[in-house]
Number of protein chains: 2
Amino acid sequence: MTDTTQDAVALDGVGPLYDQIRRAIRDLIVSGAWPPGTGVPPEHALMERLGASRMTVHRALVQLAREGLITRRRRSGTIVASPPASHTMFDILSIPDEVRGLGQDYAFRVLERRDGKARSAEIARFELGSAVEIAHLTLLHSADGAPHVLEERVIHLATVPDAATEDFTAMPPGDWLLRHSLWTQAEHAISAVAASATQAGLLGLAEGEPCLLVERRTWNQERPVTAVRLLYPGHRHRFVGRFGPYGNV
Amino acid sequence: MTDTTQDAVALDGVGPLYDQIRRAIRDLIVSGAWPPGTGVPPEHALMERLGASRMTVHRALVQLAREGLITRRRRSGTIVASPPASHTMFDILSIPDEVRGLGQDYAFRVLERRDGKARSAEIARFELGSAVEIAHLTLLHSADGAPHVLEERVIHLATVPDAATEDFTAMPPGDWLLRHSLWTQAEHAISAVAASATQAGLLGLAEGEPCLLVERRTWNQERPVTAVRLLYPGHRHRFVGRFGPYGNV
DNA sequence: CAGTGGTCTAGACCACATC
DNA sequence: ATGTGGTCTAGACCACTGG
């Protein structure tokens, strides 16, 4: 367990004390200063260090636990949690896990890759700023040997420089990014489109067949991380979610 | 403001006290015993009535407020909130509001209606139990005079008997249900389909054009309320959601 | 056994909005 | 002015679990 005593839990004086404590610890986690598995100081230590009562410290930690940033256990203490793999309905979901969850064999292939400054077609498709350095990849994921989903992705090399030297043979880039980067914000869009001739060929469809297009962009603290377009054959895929009106259940 | 002193906030003795209080009040709200606008007793009253300390009562109420079931204001007190109109990404959303939010004129038309025992085609399409009493409606919603979305809906008359005598001329059934029924669970599915000849005709598309199909079923405490299939022309619609990994922001 | 988090209390002071 | 919720404290006891 990593030592955390070096890191200052710095309060900013704005808002309630419990919320200052919550945000201070949250920032240490999402900035990467406290990676998953790091031990969070016990309540009594935070009490003394921050001059707050235990209930106030507790309130901050309970909220962080409810948000899933930390895991708490009696006696063994509090540690930084691993980022969740999936989200309510749309999901920063590992495609290998998605396929294997269906009981099928998973495989993938990188069809194309180009690194460098974004070109105008990429800028338009992914709403990029001009002249950003990206890795641009096209991949096909398959399940039991049949095409499952076509992926087109850009990775922002300024945010994730290690991606430049990764060849994505052991693991598709979505999974690699889950392990080698952090995201704090995501935007999803879903729409129905007709498969182009090229897309249809790769997915084993007829041209014009309906497909579900999932577009996702993620950021870490305002810095763009990646943007991806996933094209699923429509007749074979549904996205399902269950929840109640006051939050997911 | 409705009087709440008649209703017992009944604790069940299982789990922490603050959670018993939270569930007791939540049950009064979702059961309809305390409709929106009802005044929740102030903390000091609940303290005395339940024999709990103020912090414990407060903790229960804070959580209910965070879940959106109640609204709290200093001095004026706590009231039961109106059910939220929309949800993170898929949304129990009013279609009129959706259209007007785009700055367009809204109109709708009931194309067909039949009440009675579910037929086999309906049972299959909506995964109904056999021989349930339903109202079955088909509607077309339009924006600025152009077709916007095609709706096919069943309403469970055992759960919502008032729907049998409602003609849905003033308001489409989705909006009417938001006002005349409660839901505690929903299931959404989204997929891409090709428009049939009939659907294409109604939506002003060519046969086979890709459409986004949103299927939704809702329940109130295990009792089915309604099921709906919304068919959106794919080239004109996207569903967008934004969130962080640890919950919506 | 001892260290951790989980719950609960009694009381205090403050902030705010309505009366 | 007063009633409401919002925050915070100091202390207590309990439940769980690893050493």
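As a basis for the values below, the full set of heavy atoms in this structure was taken, side chains included, without hydrogen atoms, waters or symmetry mates. Just so it is clear: chains get the letters A, B, ... in the order the sequence lines come, proteins before strands, and each one is counted from 1.
When the C1' atom of C:dT4 is taken as reference, atom CE of A:Met47 falls 14 Å away, rounded to whole Å. Look at CE on B:Met55: it is 13 Å from C1' on C:dG6, rounded to the nearest Å. Atom CD in B:Glu43 sits about 11 Å away from atom P in D:dT7, given to the nearest Å. To the nearest angstrom, P of C:dT9 lies 14 Å from CD of B:Glu48. Atoms CZ (A:Arg59) and P (C:dC8) sit 15 Å apart, rounded to a whole Å. Rounded to whole angstrom, the span from the CD1 atom of A:Ile79 across to the C1' atom of C:dG3 amounts to 17 Å. Atoms NE2 (A:His44) and C1' (D:dT9) sit 19 Å apart, rounded to a whole Å.
Ionic pairing of B:Asp19 and B:Arg23 is present here: one or more N-O contacts between side-chain nitrogen and carboxylate oxygen are shorter than 4.0 angstrom. One finds no salt bridge joining B:Arg54 and B:Glu48 here, because no Lys/Arg side-chain nitrogen approaches an Asp/Glu carboxylate oxygen to under 4.0 Å. A salt bridge links A:Arg22 with A:Glu67: the closest approach of a Lys/Arg side-chain nitrogen to an acidic carboxylate oxygen falls below 4.0 angstrom.
B:Asn220 places a side-chain N or O within donor-acceptor distance of the main-chain N or O of B:Leu182, the cut-off being under 3.5 Å. Side chain of A:Gln20 to backbone of A:Gly15: a donor-acceptor contact under 3.5 angstrom is found. Side chain of A:Thr218 to backbone of A:Trp183: no donor-acceptor contact under 3.5 angstrom is found.
For B:Thr78, a side-chain nitrogen or oxygen approaches OP1 or OP2 of D:dG5 to under 4.0 Å.
Residue A:Arg100 qualifies as enclosed at atom CZ: its count of foreign heavy atoms under 6.0 Å is above 12.
Screening residues 156-166 of chain A for side-chain hydrogen bond (donor to acceptor under 3.5 Å, both in side chains) gives A:Glu166-A:Trp176 as the qualifying pairs, with residues at least two apart or on separate chains.
Checking B:Thr56 against A:Arg72, the closest nucleotide of DNA chain C that is more toward the 5' end is the one next to A:Arg72.
Across all strands shown, B:His58 has heavy atoms under 4.0 Å from base atoms, whether or not it also approaches the sugar-phosphate.
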- Task: Treat primed atoms plus P, OP1 and OP2 as sugar-phosphate and everything else as base, then score nucleotides 12-17 of chain D 5' to 3': B for base contact with protein heavy atoms under 4.0 Å, S for sugar-phosphate contact only, - for none.
- Result: B--BBB

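If you check the side chains of A:Thr226 and A:Arg217, you find no donor sitting under 3.5 Å from an acceptor.
Annotation: proximity of residues 14-24 of chain B to DNA chain D (heavy atom, distance under 4.0 Å) is found for no residue.
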